[in-house]
Amino acid sequence: MALLIILITCFVIILETSQPCQTPDDFVAATSPGHIIIGGLFAIHEKMLSSGDYPRRPQIQKCVGFEISIFLQTLAMIHSIEMINNSTLLSGVKLGYEIYDTCTEVTVAMAAALRFLSKFNCSRETVVFQCNYSSYTPRVKAVIGAGYSEITMAVSRMLNLQLMPQVSYESTAEILSDKIRFPSFLRTVPSDFYQTKAMAHLIQKSGWNWIGIITTDDDYGRLALNAFAIQTAEKNVCIAFKEVLPAFFSDNTIDVRINQTLEKIIAEAQVNVIVVFLRQFHVFSLFSKAIERNVNKIWIASDNWSTATKITTIPNVKKIGKVVGFAFRRGNMSSFHSFLQNLHVFPSDNNKPLHEYAMLLSACAYVKDSDLSQCIFNHSQGTLAYKANKDIETNFLLRNDFLWDYTEPGLIHSIQLAVFALGYAIRDLCQARDCQNPNAFQPWEQIQSKCSLECSPGQMKKTTRSQHICCYECVNCPENHYSNQTDMDHCLLCNNETHWAPVRSTMCFEKEVEYLNWNDSLAILLLALSLLGILFVLAIGIIFTRNLNTPVVKSSGGLMVCYVILLCHFLNFASTGFFIGEPQDFTCKTRQTLFGVSFTLCISCILMKSLKILLAFSFDPKLQNFLRCLYKPIPIIFTCTGIQVVICTLWLIFAAPEVEENVSLPRVIILECEEGSILAFGTMLGYIAILAFICFICAFKGRKLPENYNEAKFITFGMLIYFIAWITFIPIYATTFGKYLPAVEIIVILISNYGILCCTFFPKCYVIICKQETNTKSAFLKTIYSYSSHSADNLAMSHASLDSTNSNVTVTNPSSSGKSATWQKSKDLQAQAFAHLCRENATSVSKTLPRKRISSI
């Protein structure tokens with residue numbers, strides 16, 4: 001009986017000593033005053049001590065198993081709040097914090113949530129029941145945490161009562177995205193939907209189709225398992241086994257379940273890839289036992305433990321095989337590293353985890369770095385009171401890099417994002433309020449506040465210099481890009497060939513198809529000029545027909561030649577119509593061919609006229625003989641035109657012009673004729689230019705013929721106009737684009753056509769209509785006779801000049817021998833005879849030349 005009393009007494013003493021939470025303030029892990037208080041939930045200890053297999057009293061017990069990585073997360077929250085307080089983000093407003101240790105227990109986290117919801121500045125820390133909490137001021141304005149999804153869900157359901165913002169830095173369960181069940185929950189990490197999708201994709205790409213999966217028996221594990229099973233089924237990957245471990249470290253069956261899982265892994269020898277959705281302490285125990293059993297596999301790690309230093313420092317951890325993991329996004333850690341370097345000077349009066357860490361560090365002072373984490377985890381805080389405070393700073397300095405080595409950059413960055421997101425939300429709310437007053441705003445108002453304004457459709461998010469993804473600028477989508485939703489990360493590109501979009505567009509618009517339309521003002525003007533040219537051609541044809549037997553018409557080569565030239569002009573004017581309107585394959589092929597052949601025929605006829613004029617009025621016997629041999633009108637015209645026909649035929653056969661959609665312009669599609677072959681196009685124009693140049697040379701030589709009937713001078717002007725027009729055309733055509741490109745060629749065709757038409761026929765029409773007295777046979781013969789006489793006199797004077805020159809040359813060449821004297825005498829006689837002959841020839845020419853010229857003309 002006495003022994004029983006002693007046991008009961010000891011049990012009571014143990015219970016009393018394991019109850020650190022005597023008052024609500026004892027429950028707080030770390031605190032700092034401020035105008036606005038932010039709550040924090042972190043599982044600094046792995047489990048809570050229990051008096052038995054299950055709780056016997058509604059008490060919060062002592063927590064054991066100090067976790068370095070979670071302690072670092074607590075420091076990250078404190079450091080982020082200090083950064084905001086030391087910046088100008090919240091000018092004149094200080095943020096405070098109340099951080100609670102959940103001990104990886106839902107019950108403890110719920111108790112912390114109750115205190116968060118308790119009324120501010122109330123002597124009795126109770127949650128006041130109200131039907132409407134819109135004007136209710138709780139103890140804290142927002143909560144950071146928790147880490148585990150199971151705890152986060154329980155806390156979120158309580159915080160929903162007052163719509164208090166809860167920002168998690170690690171909870172990835174997909175169900176938390178449901179705004180109906182968790183309206184005040186936010187997070188800075190992606191949901192497991194994306195993680196499981198990435199895992200399934202990795203497995204498929206690696207060629208694995210027979211895998212195992214290990215998860216926890218909680219909402220996080222079950223939801224991840226279900227999502228992963230759906231993803232793998234879609235990719236034809238089969239799951240050989242699914243093992244579920246107890247979710248919490250306080251469960252006494254956890255070691256048994258881990259052993260059973262390892263036996264399953266060993267039994268399934270063909271399974272070499274295992275997906276692990278577990279917490280760090282699960283993985284630590286699993287791998288430690290797997291190393292003992294020589295289990296070597298490929299392990300796919302979830303973001304919970306993929307970067308955990310606690311796992312990488314397991315002795316002989318490389319024996320377990322390869323680990324492929326998914327991790328959170330990292331940020332700039334330099335400021336946090338400096339904070340850890342100076343942690344020994346940070347006050348620990350209101351920071352129990354920091355004080356406990358210092359004491360644990362002292363207790364494990366003689367343990368090597370590789371075992372320090374496990375030593376800290378195993379020691380009890382109650383055995384550390386003997387260490388003097390003067391040793392604490394020394395131990396911090398000796399282990400200066402220990403905390404940095406255990407830092408998980410992804411999680412630290414997520415915590416920083418969570419704190420700064422709340423900081424920016426508070427800044428927006430405090431712009432028109434005095435936030436030094438705790439009643440300035442209610443927690444639920446922060447849910448409607450953001451670090452950055454929502455980007456509207458037509459805009460996209462552009463991250464600023466801040467490392468926080470919640471803070472960004474809204475920039476307009478550039479041209480040919482659009483966004484049709486709010487807060488889009490990037491604008492979508494329109495199909496540049498068929499669609500376009502203006503700046504800040506919410507949709508793409510179809511490009512308008514453009515071409516030189518019949519209704520276009522420039523097209524109407526050009527058509528009017530073409531029709532005017534056709535009227536001129538018809539009028540000239542009528543005038544020449546009615547004056548068929550006059551000298552002017554006859555000197556033009558006769559009515560047939562004039563009709564051919566006028567027909568060519570008519571076709572040239574008509575060809576401009578094929579450049580206007582919607583391009584078709586037929587019009588594309590016809591317009592260049594029609595212009596090329598008709599213009600070549602026109603130039604060929606004018607070339608024959610130039611040769612004829614030169615032949616009629618040439619006094620050089622050698623040139624006359626050459627021109628008589630060359631002057632074959634019909635063969636030359638057919639040959640010159642036939643060459644152009646061959647060029648155009650080859651062009652149409654091998655590289656014919658066709659309709660093309662020019663999509664290079666941003667807002668329109670230009671429907672145009674693609675010439676097919678630039679070489680063929682250039683050859684056609686070049687051939688016309690060669691004929692025009694020959695015509696120009698021949699006409700230039702005959703430019704001083706009789707005034708009233710001199711076509712050569714006007715042909716020369718016409719060819720000059722042609723050259724100027726087409727030389728100008730080349731650079732303009734090469735640099736012009738758009739629907740008015742055909743108009744450039746129309747203008748050049750009209751200029752060259754009008755130039756030749758006017759220079760060839762207008763002077764003759766002027767003589768026929770206005771100077772009828774000169775358009776008679778007698779007047780014509782008189783003009784020819786006068787010109788011929790003047791030309792013969794010039795020729796005689798030229799010969800006489802030559803005779804005089806030869807005589808002078810004989811006199812000025814002395815000789816010293818008899819032979820030379822004889823040569824000189826002979827030359828004198830020859831010179832006198834040549835001079836006499838020239839005078840007789842000149843007289844003869846003056847008498848007989850008019851008859852020859854008349855018959856020639």
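Remember, predicted model here, so these are calculated numbers, not experimental data.
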V140 to P443 - nearest heavy-atom pair and separation: O-CG, 4.0 Å

Atom pair CG (L354) and CD1 (I44), whose distance is rounded to the nearest 0.5 Å: 10.5 Å

Exercise: identify the closest heavy-atom pair between M199 and S302: CE-CA, 3.7 Å

pair V271-I265: side-chain heavy atoms closer than 4.5 Å: no

Donor-acceptor contact present, side-chain N484 to main-chain T506, <3.5 Å: no

Gap between atom CG of N296 and atom CD1 of I320 - 0.5 Å precision: 8.5 Å

Side chains of V283 and V276 in contact at under 4.5 Å (non-hydrogen atoms): yes

Exercise: identify the closest heavy-atom pair between L286 and I214: CD2-CD1, 4.0 Å

Partner residues of H499 under the ring-ring contact (aromatic ring centres under 6.0 Å, His included) criterion, sequence neighbours left out: none

Side chain to side chain, D217 and R222, heavy atoms closer than 4.5 Å: yes

Option passing side chain to side chain donor-acceptor pair (under 3.5 Å) with E67 (candidates Q280, Q73, K310): K310

Non-neighbouring partners of T152 that pass side chain to side chain donor-acceptor pair (under 3.5 Å), sequence neighbours left out: S171

Heavy atoms of other groups near H201 NE2, more than 12 under 6.0 Å: no

Sequence neighbours excluded - salt bridge (charged side-chain N to carboxylate O under 4.0 Å, His left out) pairs with any residue from residues 169-178: D178-R181

Closest non-hydrogen atom pair, S191 against S177: CB-OG, 4.0 Å

I258 side chain near H282 side chain, heavy-atom distance below 4.5 Å: no

Sequence neighbours excluded, every pair satisfying salt bridge (charged side-chain N to carboxylate O under 4.0 Å, His left out) that has a member inside residues 191-204: none

Residues K47, F281; criterion side chain to side chain contact (heavy atoms under 4.5 Å, CB included); working and verdict: CA-CA 11 Å; K47 66 177 182 178; F281 68 83; over 6 Å; no

Selection residues 149-199 - residue pairs positive for ring pair (Phe, Tyr, Trp, His ring centres under 6.0 Å), sequence neighbours left out: F42-Y169

Nearest-0.5 Å distance that lies between atom CG in L159 and atom OG in S184: 6.0 Å

Heavy-atom side-chain contact between F328 and E408 under 4.5 Å: no

Verdict with supporting geometry, Y148 and Y220, ring pair (Phe, Tyr, Trp, His ring centres under 6.0 Å): CA-CA 8 Å; Y148 298 131; Y220 164 75; 8.5 Å; no

Pairs meeting criterion salt bridge (charged side-chain N to carboxylate O under 4.0 Å, His left out) with involvement of residues 204-216, two or more places apart: none

Pairwise side-chain contact, I298 with N272, heavy-atom cut-off 4.5 Å (strictly under): no

Flag side-chain contact, heavy atom, 4.5 Å: T188 against V167: yes

Verdict with supporting geometry, F116 and V155, side chain to side chain contact (heavy atoms under 4.5 Å, CB included): CA-CA 10 Å; F116 289 151; V155 171; 5.7 Å; no

Working for side chain to side chain contact (heavy atoms under 4.5 Å, CB included), residues L41 and I151: CA-CA 10 Å; L41 294 174; I151 296 175; 5.5 Å; no

I203 backbone acceptor or donor facing S206 side chain under 3.5 Å: no

G145 backbone acceptor or donor facing Q166 side chain under 3.5 Å: yes

Side-chain donor/acceptor of S483 to backbone N/O of M460, under 3.5 Å: no

Minimum heavy-atom distance between I291 and N316, given as atom pair plus value: CD1-O, 3.4 Å

Spacing of CG belonging to L163 relative to CD belonging to E445, to within rounding of 0.5 Å: 11.5 Å

Residue list, side-chain contact (heavy atoms from CB on, under 4.5 Å) with S288, at least two apart or on another chain: F284, I314

Side chain to side chain contact (heavy atoms under 4.5 Å, CB included) evaluation trace for Q442 with Y133: CA-CA 9 Å; Q442 309 308 320; Y133 285 97; over 6 Å; no

T104 side chain to H45 backbone, donor-acceptor under 3.5 Å: yes

N/O donor-acceptor pair under 3.5 Å between S156 side chain and M153 backbone: no

Short side-chain to backbone donor-acceptor contact, E150 and V106, under 3.5 Å: no

Partner set under ring-ring contact (aromatic ring centres under 6.0 Å, His included) for W210, not counting sequence neighbours: none

Gap separating the CD1 atom of I426 from the CD1 atom of I38, nearest 0.5 angstrom: 4.0 Å

Sidechain-backbone polar pair: S168 side chain, A146 backbone, donor-acceptor under 3.5 Å: yes

Please table the atom pairs, donor to acceptor, closer than 3.5 Å between any side-chain atom in residues 229-249 and protein atoms at least two apart or in another chain.
from: T232; atom 1: OG1; to: F228; atom 2: O; distance (Å): 2.9
from: T232; atom 1: OG1; to: A229; atom 2: O; distance (Å): 3.0
from: E243; atom 1: OE1; to: R257; atom 2: NH2; distance (Å): 3.3

Contact check, side chains of H79 and I415, non-hydrogen atoms, under 4.5 Å: no

Residue pairs passing the ring pair (Phe, Tyr, Trp, His ring centres under 6.0 Å) test where at least one lies in residues 293-323, sequence neighbours excluded: F287-W299, F287-W305

Pairs involving residues 278-288, ordered by first then second residue, that meet salt bridge (charged side-chain N to carboxylate O under 4.0 Å, His left out) (sequence neighbours left out): D218-R279

Non-hydrogen atoms of M164 and P138 that approach each other most closely: CE-CG, 3.5 Å

Distance, nearest 0.5 Å, that separates OG1 of T31 from NZ of K352: 10.0 Å

By ring-ring contact (aromatic ring centres under 6.0 Å, His included) - contacts of H481 (at least two apart): none

F402 and Y357 aromatic ring geometry - parallel, tilted or perpendicular at 30°/60° bounds: parallel

